[in-house]
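Right, one structure below, let's go through it.
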Amino acid sequence: MTTARVRGWRGKLLAAGIGEPTVVKAYQLLRALMNTDVDDELIRRNPCRIKGADHYEVPERPVLTVPEVFAFADSIAPRYRLLVLLAAFTTLRFGELAALRRRGIDLEGLAVSVRRCQAELQDGRLFDKAPKSAAGVRAISFPTELLDDVTGHLDQFTAPGRDGHVFVGAQGGRLRQSNFRDDWVTAKKAAGVTSDLHFHDLRHTGNTLASTAGASTRELMTRMGHSSSRAALIYQHMTSDRDRVIADRLGAMIRESGGEVSPQ
């Protein structure tokens, strides 16, 4: 195994049209394997020495303004309106929202509890699993201005019972992004937002808005459910009172933008 051979392997992957992020991850994995071989004294030097091959430039994703978030929420099918609002103002991932149960909504505390995350197998089967790290288990406050939307959605669209899924498809089945792909595309056109908007961009938007609202790095990491080795533990110690302040500031931004909308 030589550096030239690794370079040729990488070049063939890129020439075959495989996405750069996938090629980068494959290269990182190969380099890790070769590092183990070096540690085990099977080889003297790691052949993965291609400059810049272990990272790629992530394109800047779109960030919506508060009025644009509400314009988009107004344009999508009513059963997915709260999905858009919570994704933007609590920064929950799609899998976390899809796994959310009715008992995970605290109407008095104005918070959403994340305990599970939905995953999809290659054969299309869905199941709920624990978050990848302890930091993923968290309670996130949502702005008071969303309470009417939350209660309206629970009354009209959520599956029955305490364990009923908060978000379900039009036929009452488990939520999949494919359930509302057509609604998503239609809403983008109707709201006049960028056609490049992906669901994950709502989370990106929410993180940006929370930062603007004054959230510190630790507070942002807690809301996002991120962790990084031992240092991640400090992100889980943010008080609920401080998280409430962040949600209240987000609510003020909604009011100032004229984003208040009557209940469903």
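Just so it is clear, the values below take in all heavy atoms, side chains as well, and ignore hydrogens, waters and symmetry mates. The first residue of the sequence shown is numbered 1, and numbering continues consecutively from there.
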Residues forming a side chain to side chain contact (heavy atoms under 4.5 Å, CB included) with [X], sequence neighbours excluded:
{"X": "D183", "result": "I76, A77, Y80, F180"}
{"X": "R116", "result": "A99, D128, A130"}
{"X": "A119", "result": "F127, K129"}

Parallel, tilted or perpendicular: rings of F94 and F199 (30°, 60°): perpendicular
Any residue meeting salt bridge (Lys or Arg N to Asp or Glu O under 4.0 Å) with [X], in chain and number order, not counting sequence neighbours:
{"X": "D40", "result": "none"}
{"X": "R31", "result": "D54"}
{"X": "R103", "result": "D163"}

List the residues meeting side chain to side chain donor-acceptor pair (under 3.5 Å) with [X], not counting sequence neighbours, and say none if there are none.
{"X": "N46", "answer": "N35"}
{"X": "R45", "answer": "none"}
{"X": "Q28", "answer": "none"}
{"X": "R102", "answer": "none"}

Can you see which heavy atom on L209 is nearest to which on F89, and at what distance?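 Shortest heavy-atom contact: CD1-CE2, 3.9 Å.
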Taking only Lys NZ, Arg NE, NH1 and NH2, and the carboxylate oxygens of Asp or Glu, determine whether R176 and E120 approach each other closer than 4.0 Å. yes
Taking NZ, NE, NH1 and NH2 as the nitrogens, is one of them in D196 or K188 under 4.0 Å from a carboxylate oxygen of the other? no
Residue pair H153 / R81, side-chain donor-acceptor N/O under 3.5 Å: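 Per modelled atom types, H153 and R81 side chains form no pair under 3.5 Å.
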Which side-chain N or O atoms in residues 5-18 pair as donor and acceptor under 3.5 Å with protein atoms at least two apart or in another chain?
none

Considering only residues two or more places apart or on different chains, which pairs with a residue in residues 82-100 satisfy side chain to side chain donor-acceptor pair (under 3.5 Å)? R93-E96, E96-R138
Test item: T3 side-chain N/O and P47 main-chain N/O as donor-acceptor pair under 3.5 Å: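 Yes, T3 side chain to P47 backbone: donor-acceptor pair under 3.5 Å.
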